[in-house]
> 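To start, I am sharing the structure in question, which I have written as structure tokens.
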Amino acid sequence: MTSVAGHLNSQDFEGAYKSWNGCSPDALFEAPITTYVENDKKAIATNIETQARYASVLFIWTDCDREGEHIGTEIRETALKGNRRLEVRRARFSNIERAHILSAAQSPIHIDENQANAVAARIELDLRIGASFTRMQTLTLRPLLEAHGMGEEVKVLSYGSCQFPTLGFVVERYFRVKNFVPEAYWSIKVMHLKDDIRVNFTWSRGHLFDRLAVFIIFERCLAAGLARVTKVETKPTSKWKPLPLTTVELQKCGSRFLRMDSQRVMKIAEDLYTKGWISYPRTETDQFDEGIDLRSIVQKQVQGHAWGQFAQGLLDGGFNQPRAGRNNDKAHPPIHPVNFVDPPALANDEERRVHEFIVRRFLACCSQDARGSKSTVSIAYGSESFTASGLQVLERNYLDVYPYDKWTSTQQLPDFVVGETFEPTEAFMREGKTSPPGYLTEPDLIALMDANGIGTDATMAEHIAKIKTRQYVSTRPRGRVVRAEGEDGDDVFDEEPPVRGARGRGRGCGARGRGGGDNNTRGNTGADGVQEFIPTTLGVALVQGYDGMGFDISLTKPFLRKEMELKMKAICENRTTRREVVQQSLEMYREVYVKATRQMDVLRDSFRRYVFNEPPTG
DNA sequence: GCAAGGTC
């Protein structure tokens, strides 16, 4: 039994093509590529080759996903070098429970060549396209940057099929905020005081954008004088417990509840995993296998100070099978604690926070939905209908162990009877304005990447970090929450950003500092400490520049990446081949490349306009 | 000096 650690092989261009000045960047579309073993993997490769000599059968137990399948072929080729007669088998498994492993060992299958080929295509395309575009745009735009004294700050202008769409999301939202035009609307509010309770009724039309129309309707209400109760209803309601934890969800929650960026959360989760406290942190699966013994995992948490009692409660009858989400990567279970560790024994506060979240999330999954009762009163007033509602939380259940969710009772509604009439204590027209969306936050960005298939669970955080180090975007704590009903929309959004180029700013301006300190936001109204993403002038210039070239398929939108994903799937399903996909995609990108190089002036103008603040030439 | 994908 031995192991690898991720991919065994690396790929790079051969000879002169390796050097930035050794060839024209477009030569990289067809330059020869060598496969070699990186120095830090040599010992692993040699080990496998040597061990193969003493074996007659090789069992491959890499992750059962696409990349894992490809790694399997790397292991196979390495082992065959040592022993040409080696038989190769592949184990199919998705968790490491004893029974599951035994059954996987007893019914081995073969490596899925299609999946491995799909990955081989991805590797080649990422390398060729990434390297050619990166060199091309760096080499052509650097003179411009140098002429403006920015050659030192901006070393590389990289292009990647994941980083560019990620940047595109940030820029797109920035412009949506910047170009937002508030629109006035009007609504009707009704309040009635009964049994000393102020009951606020909301208009079933919400609001309308025509003042006169609302005024006429409102007049009719007043003319009617009396409101009549048309419906009184009390219904049981519930707040669902969360789904089993995936990587994407962990990262979103990290930003939202733990005040950590996604890369930080992943680093910590990886440490917790390596130390044996939690299961594998990179998973897309949000459903637990039937076979897994969840009660015994709950049992381990009974000794916890903060949540032990709750865990005991689950064992004493409160246990409930977790909900099943729609995703299953067939490689890993949802993230869950695998052993008990006393929080003080963990390395630091950040580690404790992530660990606590994972344990609480797991216990919440094994608990019951929260139950409540919702009352609704509807009235007819003039020609219009209005409703008021109240919530009473009856059983908190999972909420007791999962403080990240909020669900609280509202004021109780007084008793109303159908048919009852009253003259509302207050009725008035209210003017409001639509308000702009906020800048993208990290959870927003991760959700967008997830929805558009940009990156994998293991790499999304890296792509986000990448566009930060490339100085395409910067982050800052969100100063205020923009959501406020009705009036708001003052013009805070027309100030400052995008952040001035790369200039004068150390790296990582965010609230890193000491653990948990949100000091820089605490005083602000509605500050919640979540980071928001704002493009730099450099990021805006790149996106606007490329978009200005008018390609059929935008380089800054997620479509190209999605297409690659579809093509990989087609290879997996034997509908096409690796060769075909690589050839087709390279042809398409070469066309984009040629068009882009012909229109570099558009990109230069965009740099002049956004980065250097100069008027466009000619 | 390039990419994205594994993973310590």
Side-chain angles (χ1 to χ4, degrees), chain A residues 3-13 17-29 31 33 35 37-41 43-45 62-75 115-116 118-142 145 151-167 247 266-267 269-275 280-284 329 331-332 449 453-467 469-470 555 560-561 564-565 568 585-586 589 593:
Chain A
S3 87
V4 285
H7 285 284
L8 205 46
N9 296 335
S10 303
Q11 281 76 22
D12 203 354
F13 298 108
Y17 297 101
K18 228 191 295 205
S19 140
W20 279 52
N21 298 313
C23 68
S24 160
D26 66 324
L28 300 180
F29 283 113
I33 291 175
T35 295
V37 179
E38 204 70 69
N39 277 336
D40 62 344
K41 294 285 165 63
I44 298 177
T62 46
D63 291 356
C64 290
D65 54 20
R66 244 170 14 202
E67 298 290 335
E69 222 57 30
H70 186 268
I71 294 171
T73 64
E74 296 178 52
I75 297 169
Q115 287 195 49
V119 171
R122 175 197 65 70
I123 290 172
E124 182 174 346
L125 289 171
D126 282 338
L127 177 61
R128 291 192 188 280
I129 297 163
S132 58
F133 274 83
T134 299
R135 287 188 195 177
M136 182 271 285
Q137 61 186 25
T138 306
L139 293 174
T140 48
L141 290 166
R142 211 179 27 197
L145 288 165
E152 276 306 299
E153 298 162 47
V154 182
K155 292 245 183 300
V156 177
L157 293 172
S158 60
Y159 168 83
S161 59
C162 288
Q163 50 178 274
F164 249 52
T166 306
L167 168 63
T247 306
M266 285 313 290
K267 173 79 185 79
E270 203 176 296
D271 287 346
L272 290 168
Y273 160 67
T274 314
K275 290 172 189 162
Y280 192 69
R282 292 183 273 266
T283 173
E284 294 173 26
D329 60 20
H332 306 284
M449 295 173 75
I454 302 299
T456 68
D457 48 10
T459 59
M460 276 183 226
E462 287 173 30
H463 300 310
I464 295 174
K466 178 70 83 186
I467 61 173
T469 58
R470 289 284 183 255
L555 285 176
L560 280 170
R561 179 72 217 190
M564 188 188 300
E565 198 60 37
M568 283 167 72
S585 304
L586 286 180
Y589 273 95
Y593 181 98

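Lettering of chains follows the sequences in order, A, B, ..., and the numbering in each one begins at 1.
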> Calculate, to the nearest 0.5 Å, the distance between atoms CG and NZ belonging to A:L145 and A:K155 respectively.
11.0 Å
> Identify whether any heavy atom of A:Y280 sits under 4.0 Å from a base atom; if not, whether one sits that close to sugar-phosphate; answer base, sugar-phosphate or nothing.
sugar-phosphate
> If you look at every strand shown and take non-hydrogen atoms under 4.0 Å, does A:D40 touch a base, only sugar-phosphate, or nothing?
nothing
> Which residue, A:H7 or A:Y17, contacts DNA chain B at a nucleotide closer to its 5' end, judged by nearest heavy atom?
A:Y17
> Would you classify A:F133 as touching base, sugar-phosphate or nothing, given that sugar-phosphate means primed atoms plus P, OP1 and OP2, and contacts are heavy atoms under 4.0 Å?
nothing
> What's A:Q11 touching, base or sugar-phosphate or nothing? Going by heavy atoms closer than 4.0 Å.
base
> What does A:R470 touch in the nucleic acid at a heavy-atom separation under 4.0 angstrom: a base, only the sugar-phosphate, or nothing?
sugar-phosphate
> Mind checking A:S161 for me? I need base, sugar-phosphate or nothing, with any heavy atom below 4.0 Å counting as a touch.
sugar-phosphate
> Looking at A:Y593, A:F13, A:Y589, which one forms a ring-ring contact (aromatic ring centres under 6.0 Å, His included) with A:F29?
A:Y593
> I'd like to know if the side chain of A:D329 reaches the main chain of A:A331, judged simply by a donor and an acceptor atom lying under 3.5 Å from each other, with no hydrogens or angles considered.
yes
> Name the first nucleotide and the last nucleotide along DNA chain B (5' to 3') that come under 4.0 Å of a heavy atom in chain A.
B:dG1 to B:dC8
> Look at all strands and tell whether A:D12 reaches a base, only sugar-phosphate, or nothing, counting heavy atoms closer than 4.0 Å.
base
> Check the orientation of A:Y159 and A:F133. Use parallel for under 30°, tilted for 30 to 60°, and perpendicular for over 60°.
tilted
> Using heavy atoms to find the nearest nucleotide of DNA chain B for A:L139 and A:D457 separately, return the residue whose nucleotide is more 5′.
A:L139
> Need one value for A:K41: base, sugar-phosphate or nothing, where a base atom within 4.0 Å counts as base even if backbone is also close, heavy atoms only.
base
> Base, sugar-phosphate, or nothing: which does A:T456 touch, judged by heavy atoms less than 4.0 Å apart?
sugar-phosphate
> Determine, stepwise, if the pair A:D126 / A:R561 fulfils salt bridge (charged side-chain N to carboxylate O under 4.0 Å, His left out).
CA-CA 10 Å; A:D126 282 338; A:R561 179 72 217 190; 3.8 Å; yes
> With a 4.0 Å cut-off on heavy atoms, is A:H70 in touch with a base, just the backbone sugar-phosphate, or nothing at all?
nothing
> Within the 4.0 Å heavy-atom criterion, would you say A:G455 contacts the bases, only the backbone, or no part of the nucleic acid?
sugar-phosphate
> Under 4.0 Å, counting only non-hydrogen atoms across every strand here, what does A:R66 touch: a base, just sugar-phosphate, or nothing?
nothing
> Under a 4.5 Å cut-off applied to non-hydrogen side-chain atoms, are A:R470 and A:V156 in contact?
yes
> Between A:H70 and A:I123, what is the shortest heavy-atom contact and its length?
CE1-CD1, 3.7 Å
> For A:Q163, answer base if it contacts any base atom (sugar-phosphate contacts may also be present), sugar-phosphate if it contacts only those atoms, and nothing otherwise; contact means non-hydrogen atoms under 4.0 Å.
sugar-phosphate
